[in-house]
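The structure displayed is predicted, hence computed values, not measured ones.
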Amino acid sequence: MQAPYASDPARAKGRRFPEEESSFRSCFQRDRDRIIHASAFRRLKHKTQVFVEHEGDYFRTRLTHSIEVAQVARTIAGALGLNQEITEAIALAHDLGHTPFGHTGEDALHELMAPYGGFDHNAQAVRIVTSLERHYADFDGLNLTWETLEGIAKHNGPVTGDLPYALADYNALHDLELHTHASAEAQVAALADDVAYNNHDLHDGLRAGLFTEEEICALPIVGEAFAAVDQKYPGLEAIRRRHEALRRVFGVMVGDVIDTSRAALAEVDAQSVEELRACGRPVVQFSAALWADLKEIRSFLFTRMYRAPSVVKMRKEVTIVVKELFPLFLTEPTLLPSRWHADLANCDTETAVARMVSDYISGMTDRYALQQHEQLLGKAR
C-alpha cells in the first residue's frame with residue numbers, strides 16, 4: 001500500500017506533448033521502459049565508472065552501476081511505501097548525461113565549455129531525454145512525465161542560482177519547479193546512488209589491488225562486517241569472505257536509510273507529494289552517525305582509489321583525449337557524423353556549435369572517444 005506522500009500515476013501532471021495513455025502500463029512504467037530502450041542508456045555499458053571501461057571485465061561501468069542503483073532504490077522505495085516505478089525510472093536515468101571517462105571527462109568538458117555555458121551531467125541528462133534522443137514520430141526526446149523529469153533534474157536537491165544552460169533551456173519551456181525539493185522517490189534515487197557506489201567502489205578497489213581487506217577493516221562499518229563474517233564462517237575462502245562482508249556493509253547502509261527516512265517522513269507528516277515537496281527539507285537521508293562513517297569511507301576511497309597513481313595516470317591521458325577532440329570538432333564541425341549536419345546548419349553562433357560538439361563528445365563511449373582520437377589525430381593512448 002502506497003503512502004499518501006507517494007507519487008501517484010493517476011495524479012501525474014502529464015507530459016509536455018500529450019499522448020494517449022496505455023491500457024496496461026502506468027505512465028511511470030512507460031517512463032522507465034523508454035529510458036531502458038534509449039540509446040544513451042545502452043551506451044552506459046561502455047562508459048567509465050572509475051576505471052576506463054575496457055581495463056577489466058569485472059569492474060563496474062555506468063550501466064552496471066545504474067542497474068545496481070535502481071535495485072537499491074526499488075528496495076528502499078518499497079519499504080517506505082513509495083512508488084517503485086518512478087523511483088526506478090529516475091535511478092536508471094540519473095547518469096545518462098555522463099561523459100566518457102567519468103568525472104574526469106566531465107571536468108575536462110566543463111572547462112572547455114566554460115565560455116559557452118559550461119557542462120553539467122545532471123542537466124545533460126535532461127537534455128538527452130527531452131531533445132537528443134530522436135526515435136519517436138511525434139516528438140524529440142522521450143516525452144517523460146513531469147514527475148520523472150523533475151526527479152532527474154533535482155534528485156540531489158533544489159537547483160538554484162545560475163542554471164546550467166541545458167537545464168535552463170528546457171525549464172523555460174516546461175517549468176520543473178527547480179526551487180523545491182523533489183519527490184521522495186527522487187530523493188531515494190539519490191541516496192541509492194551513494195549506497196551503490198560506496199559499496200561497489202570498495203569491491204572494485206580490492207579487485208584492482210589498490211588496497212587490501214586488512215586495510216579496509218580499519219574503516220567503520222566495514223571492519224564490523226568482516227568480523228561478523230569471520231565469526232559465522234571461520235576459514236571462509238577469500239572471495240566468499242569479501243562478498244559476504246561487503247553485502248553486510250550494503251545492508252547496513254540500506255537499513256539506515258530506511259529507518260532514518262521513516263522517522264523523518266513521520267515527523268513531516270505530509271499528506272500528499274505536493275506537501276512533501278514544500279516541506280523545505282530532504283526527508284530521505286542517512287542518520288548523522290552513519291553519514292559520519294560514510295565520510296570516513298569516502299575519504300579513504302578518495303586517497304587510495306580515486307587518487308591512486310594508476311588512476312591518476314589514466315585521468316591525465318583521457319583528459320588529453322577530450323581536450324584535443326573538442327577544439328578539433330569546434331573548428332571543423334563537418335567532421336561530426338552526417339546525421340548531425342542538419343542541426344549544424346541551424347547553428348548560427350560559435351556557442352551553438354560548441355554546444356552541439358559538447359552533445360556529441362559527451363555522448364561518446366570510452367572506446368569510441370579513444371578510437372576517434374586515434375583516427376582523427378593519429379594518437380593512440
Please report, to 0.1 Å, the donor-acceptor pairs under 3.5 Å made by any side chain of residues 270-279, with sequence neighbours excluded.
residue, atom, partner, partner atom, Å
Q271, NE2, D269, O, 3.3
Q271, NE2, D269, OD1, 3.0
S272, OG, E274, N, 3.4
S272, OG, E274, OE1, 3.4
S272, OG, E275, N, 3.1
E275, OE1, Q271, N, 3.0
R277, NE, E150, OE1, 3.4
R277, NE, E150, OE2, 2.7
R277, NH2, E150, OE1, 3.3

Please output the side-chain donor-acceptor pairs of residues 76-89 that fall under 3.5 Å, not counting sequence neighbours, one pair per line with the distance.
residue, atom, partner, partner atom, Å
N83, OD1, E85, N, 3.0
N83, OD1, I86, N, 2.9
Q84, NE2, R74, O, 2.9
T87, OG1, N83, O, 2.6
E88, OE1, R32, NH1, 3.4
E88, OE1, R74, NH1, 2.9

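Cluster partners of V69: none. The rule joins Ile, Leu, Val, Met, Phe, Trp and Tyr whenever side-chain heavy atoms lie under 4.5 Å apart, and it links nothing here. L173 forms part of no hydrophobic cluster, judged by ILVMFWY side-chain heavy-atom separations under 4.5 Å.
For residues 283-304, every residue pair satisfying the salt bridge (Lys or Arg N to Asp or Glu O under 4.0 Å) rule, not counting sequence neighbours, is listed here: E215-R304. Applying the side chain to side chain donor-acceptor pair (under 3.5 Å) definition to pairs two or more places apart or across chains, those involving residues 340-353 are Y116-E350, R134-D343. Counting only residues at least two apart or in different chains, side chain to side chain donor-acceptor pair (under 3.5 Å) contacts with residues 165-178 comprise K13-E177, Y170-H174. Annotation: ring-ring contact (aromatic ring centres under 6.0 Å, His included) contacts involving residues 247-284, sequence neighbours excluded, are absent.
Taking the six-membered ring where the residue is Trp, H98 and H121 present parallel rings, their angle staying beneath 30° rather than reaching 60°.
R240 meets the side-chain contact (heavy atoms from CB on, under 4.5 Å) test with L236, E237; sequence neighbours excluded. Listed by chain and residue number, nothing satisfies the side-chain hydrogen bond (donor to acceptor under 3.5 Å, both in side chains) test with N199 (two or more places apart in sequence, or in another chain). Partners of F17 under the ring pair (Phe, Tyr, Trp, His ring centres under 6.0 Å) rule, at least two apart in sequence or in another chain, do not exist in this structure. Looking at residues two or more places apart in sequence or on another chain, you find a side-chain contact (heavy atoms from CB on, under 4.5 Å) between F24 and S22.
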